[in-house]
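Note that the structure is a prediction, hence the values are computed from the model and not measured. Proteins come first, then strands; the chains are lettered A, B, ... in the order of their sequence lines, and each starts at number 1.
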Amino acid sequence: MSDVRVRFAPSPTGFLHIGGVRTALFNWLFARQRQGVFILRIEDTDQSRSTDESIQAILAGMKWVGLDWDEGPFRQTERMDLYRSYAMKLFETGHAYWCVCKAEELEARRKEAEAKGLSPRYDGRCRNLRIASPPGDAALRFKAPQTGQTMIDDLIKGTVVFDNTVLDDLIILRSNGYPTYNFSVVIDDALMGITHVVRGDDHLTNMPRQIPIFEALGFAVPRFGHLPMILGADKTRLSKRHGATSIMAYKDMGYLPNAMVNYLVRLGWSHGDQELFSRQELIEKFSWDHVQKSAAVFNPDKLLWTNAEYIKASPPRQVAQALVPLLEQAGLRKEVEAVSDEWLAQLVVLVKERAKTLVDMVEWVRPYFGQIVTVDEEAARKFLTPTIIPALNKLIVRFEALPAYSKSEWENSFKQLVEEEGMKMGQLAQPVRVALTGRTASPGLFEVMEVLGRDRTLFRLQKGLERASTG
RNA sequence: GUCCCCAUCGUCUAGCCUGGCCUAGGACAUUGCCCUUUCAAGGCAGUAACACGGGUUCAAAUCCCGUUGGGGACACCA
């Protein structure tokens with residue numbers, strides 16, 4: 001048992017994206033390694049941007065990659081009373097004050113400051129007004145320290161120091177009564193007993209705004225860890241224009257969740273030269289010491305390779321299970337229902353070295369469903385020609401003489417015929433391949449026959465022969 | 001503009017803290033060869049990096065300073 005308590009706190013303003021998953025993953029790994037608690041918290045205090053669909057998408061994404069949480073999901077909008085009471089506590093203890101500046105005025109002043117090349121900070125004009133009974137549309141501001149320094153020993157970045165002179169008084173309660181992020185985060189992290197706040201390093205500059213709030217309220221300050229960003233190929237922050245950023249898009253593209261996790265964890269973390277890790281190994285080997293400090297470029301090629309490795313190494317039945325929904329989407333529902341799980345697993349074994357994604361795999365696997373195979377026209381024109389008729393005929397006769405399919409027997413029979421006819425292996429193999437699979441590229445011929453079974457093999461060879469005769 | 005963070009092959013990274021073992025290792029991608037009934041997979045080999053400039057030291061990828069470059073933050077967004 002340990003007292004580690006960490007959290008993943010996304011805001012529900014869109015889908016669960018790649019960067020979010022990686023942040024969640026590092027938190028989850030740390031919690032599992034230390035037998036701590038992983039909490040899921042939904043930060044939905046911006047009522048204009050938060051949606052229920054987003055919450056569902058986040059939960060679905062977390063489940064897909066197998067990041068289970070121990071507490072939550074909590075929603076900040078269900079904790080409003082808490083934020084308000086702590087905000088009032090800050091007011092009563094003199095750590096906060098009412099601000100009657102209008103949003104539009106603040107906006108205008110900020111723009112003005114920017115135009116002059118100054119820091120767009122709040123000038124603190126309401127700080128000493130001592131407004132005791134504010135109008136309904138006042139906001140509450142926290143009195144930030146104006147001298148000294150705020151520092152942390154970051155899990156990843158090491159010592160980070162800010163001069164408090166750069167701070168301004170941030171709003172903690174909006175005029176509509178809703179708390180702002182920097183405030184609700186502190187209250188929740190404190191109340192939920194979070195021991196390690198691990199988040200993206202775009203939050204690093206929020207740290208000096210949050211720590212004084214912890215202190216003003218007498219809360220213990222947690223440890224922080226700021227993860228580097230994930231960048232697109234152009235080295236700017238990963239966004240829609242870099243292609244898919246939603247984790248679920250990768251499910252649709254045929255990626256395995258474990259492959260996603262493996263790729264993402266290696267983006268910014270390493271364990272010597274090792275590239276592939278089981279979930280258990282990840283939990284055992286994870287360490288903050290080996291988390292990179294600098295941003296990483298998302299590399300789709302390497303993700304694809306990782307996925308291919310997982311397709312090859314995962315239990316075939318498990319891959320088959322993940323493949324079924326895609327097969328059904330591809331219009332093979334009836335065909336899939338007609339076959340056994342074992343046979344599907346066999347099919348996976350047949351093609352797993354060729355498919356880099358499940359979507360790829362659907363195409364590789366398609367010829368093995370149904371009695372008849374759709375033959376590629378160009379392939380037929382090239383290989384199912386009259387010249388192949390005699391050899392194909394003899395092959396069928398020989399195969400028919402063999403009562404049951406046996407890989408070695410059929411292969412020997414095939415090779416013997418090739419030799420007797422004075423052909424090259426490929427001269428007979430390619431026409432047979434086209435007859436059997438409809439294509440010029442396929443897995444090994446005799447593995448294909450095994451999956452097809454004796455009857456369908458014979459049937460398709462016969463069809464191929466007819467095709468060669470009619471042209 | 002101000003503040004913060006960062007800097008090893010095209011990309012992900014090992015090495016850096018605790019200088020010599022670094023002629024800088026691995027992986028992806030890429031090129032060539034091998035294997036081969038096709039396509040893959042696999043095997044072998046190759047190209048490719050310490051951002052720059054100063055220090056410190058017998059010795060610097062490693063420690064220090066500066067420069068440059070990149071990223072992030074400066075909201076009644078999170």
Side-chain angles (χ1 to χ4, degrees), chain A residues 9-13 43-46 48-50 99 101-103 106-107 110 113-122 137-141 154 156-158 160-163 165-168 170-176 178-182 184-185 199-209 226 228-229 231 233 235-237 263 266-276 289-290 292-306 308 312 351-356 364 383 414-415 418 424-430 432-434 437 439-446:
Chain A
S11 60
T13 55
E43 312 222 314
D44 58 349
T45 55
D46 183 350
S48 65
R49 299 201 306 152
S50 301
C99 172
C101 297
K102 297 277 178 265
L106 293 168
E107 177 78 28
R110 192 179 315 118
E114 271 172 5
K116 282 185 191 161
L118 298 170
S119 269
R121 300 169 29 197
Y122 176 61
D137 62 348
L140 194 65
R141 281 188 192 268
D154 194 271
I156 295 156
K157 310 269 188 190
V160 181
V161 184
F162 283 85
D163 261 322
T165 49
V166 304
L167 266 23
D168 62 357
L170 68 151
I171 288 181
I172 56 177
L173 228 48
R174 298 177 172 94
S175 52
N176 66 5
Y178 278 70
T180 54
Y181 165 76
N182 275 120
S184 55
V185 124
R199 72 245 285 204
D201 71 9
D202 48 337
H203 285 290
L204 191 54
T205 51
N206 284 146
M207 174 275 286
R209 325 198 81 185
H226 290 93
M229 304 268 86
L231 273 24
K235 305 226 178 192
T236 64
R237 204 173 160 157
Y263 175 72
R266 276 289 287 103
L267 197 56
W269 173 81
S270 61
H271 184 77
D273 288 339
Q274 192 172 349
E275 295 288 349
L276 272 6
D289 292 346
H290 293 277
Q292 199 77 2
K293 289 179 177 175
S294 49
V297 173
F298 183 82
N299 182 347
D301 276 336
K302 189 152 186 182
L303 170 61
L304 193 61
W305 171 81
T306 306
K312 281 186 280 186
V351 302
K352 67 178 183 178
E353 269 154 32
R354 276 152 258 258
K356 290 188 187 296
W364 274 105
F383 293 108
F414 188 101
K415 284 180 172 162
V418 165
K424 280 184 182 163
M425 187 70 178
Q427 286 179 290
L428 186 57
Q430 281 306 80
V432 166
R433 188 184 314 283
V434 173
T437 68
R439 304 170 184 180
T440 55
S442 82
L445 234 36
F446 304 98

Counting N and O atoms only, with roles assigned by atom type, does the side chain of [X] sit under 3.5 Å from a partner on the main chain of [Y], one being a donor and the other an acceptor?
X: Lys293(A); Y: Ile156(A); answer: no
X: Ser11(A); Y: Thr13(A); answer: no
X: Arg266(A); Y: His271(A); answer: no

Measure from [atom1] on [X] to [atom2] on [N] and round the result to the nearest Å.
X: Glu107(A); N: C76(B); atom1: CD; atom2: P; answer: 8 Å
X: Leu170(A); N: A78(B); atom1: CG; atom2: P; answer: 11 Å
X: Arg49(A); N: C76(B); atom1: CZ; atom2: P; answer: 14 Å
X: Lys293(A); N: C17(B); atom1: NZ; atom2: P; answer: 12 Å

Applying side-chain hydrogen bond (donor to acceptor under 3.5 Å, both in side chains), name anything that partners Asp163(A), two or more places apart in sequence or on another chain. none
Given the [atom1] atoms of [N] and [M], what is the spacing between them in whole Å?
N: C17(B); M: G53(B); atom1: C1'; answer: 25 Å
N: C28(B); M: U36(B); atom1: C1'; answer: 25 Å
N: A45(B); M: G26(B); atom1: P; answer: 10 Å
N: G10(B); M: U31(B); atom1: C1'; answer: 14 Å
N: G54(B); M: A61(B); atom1: P; answer: 14 Å
N: U18(B); M: U23(B); atom1: P; answer: 22 Å

Please identify each residue that fulfils side-chain contact (heavy atoms from CB on, under 4.5 Å) with [X], with sequence neighbours left out.
X: Glu353(A); value: Lys312(A)
X: Asn299(A); value: Tyr263(A), Asp301(A), Lys302(A)
X: Thr180(A); value: Ile171(A), Arg174(A), Phe183(A)

Any chance you could measure Cys99(A), atom SG, to Asp137(A), atom CG, to the nearest 0.5 Å? 10.0 Å
Nearest-0.5 Å distance that lies between atom NE2 in His226(A) and atom CG in Asp202(A): 8.5 Å
Are any protein N/O atoms closer than 3.5 Å to N/O atoms in nucleotides 72-74 of chain B? If there are, list each pair with its distance.
{"residue": "G72(B)", "atom": "O3'", "partner": "Arg237(A)", "partner atom": "NH1", "Å": "3.4"}
{"residue": "A73(B)", "atom": "OP1", "partner": "Arg237(A)", "partner atom": "NH1", "Å": "3.0"}
{"residue": "A73(B)", "atom": "O4'", "partner": "Thr205(A)", "partner atom": "OG1", "Å": "3.3"}
{"residue": "A73(B)", "atom": "O2'", "partner": "Thr205(A)", "partner atom": "OG1", "Å": "2.5"}

Walk along nucleotides 37-42 of chain B from 5' to 3' and tag each nucleotide B, S or - by protein heavy-atom contact under 4.0 Å, base first, then sugar-phosphate. BBBBSS
I'd like to check Asp201(A) versus Met229(A) (side-chain heavy atoms, cut-off strictly below 4.5 Å). Are they in contact? yes
Asn182(A) and Ile172(A), any side-chain heavy atoms less than 4.5 Å apart: no
On RNA chain B, nearest-nucleotide positions of Phe162(A) versus Asn176(A): which is more 5'? Phe162(A)
Indicate, with a heavy-atom threshold strictly under 4.0 Å, whether [X] touches base, sugar-phosphate, or nothing.
X: Val432(A); result: nothing
X: Thr45(A); result: sugar-phosphate
X: Leu106(A); result: base
X: Cys99(A); result: nothing

Below 3.5 Å is the cut-off: list the nitrogen or oxygen pairs between protein and nucleotides 61-67 of chain B, distance only.
none

Should [N] form a Watson-Crick or G-U wobble pair with both distances under 3.5 Å, which nucleotide is its partner?
N: C58(B); result: G20(B)
N: U37(B); result: none
N: A73(B); result: U2(B)

Set of salt bridge (Lys or Arg N to Asp or Glu O under 4.0 Å) partners for Arg121(A), sequence neighbours left out: none
Donor-acceptor pair under 3.5 Å: do we get one between Thr180(A)'s side chain and the base of C76(B)? no
Among all residues two or more places apart in sequence or in another chain, which pass the ring pair (Phe, Tyr, Trp, His ring centres under 6.0 Å) test with Tyr181(A)? His203(A)
Using ring pair (Phe, Tyr, Trp, His ring centres under 6.0 Å) as the criterion, list what pairs up with Phe414(A), not counting sequence neighbours. Phe446(A)
Distances for protein N/O vs nucleotides 10-15 of chain B N/O pairs under 3.5 angstrom?
{"residue": "U11(B)", "atom": "OP1", "partner": "Lys235(A)", "partner atom": "NZ", "Å": "2.9"}
{"residue": "C12(B)", "atom": "OP1", "partner": "Val297(A)", "partner atom": "N", "Å": "2.9"}
{"residue": "C12(B)", "atom": "O2'", "partner": "Arg266(A)", "partner atom": "O", "Å": "3.1"}
{"residue": "U13(B)", "atom": "OP1", "partner": "Gly268(A)", "partner atom": "N", "Å": "2.6"}
{"residue": "U13(B)", "atom": "O3'", "partner": "Ser270(A)", "partner atom": "OG", "Å": "3.1"}
{"residue": "A14(B)", "atom": "OP1", "partner": "Ser270(A)", "partner atom": "OG", "Å": "2.8"}
{"residue": "A14(B)", "atom": "OP2", "partner": "Gln292(A)", "partner atom": "OE1", "Å": "3.0"}

Give every pair of a protein N or O atom and an N or O atom of nucleotides 48-53 of chain B that lie under 3.5 Å apart, one pair per line with the distance.
none

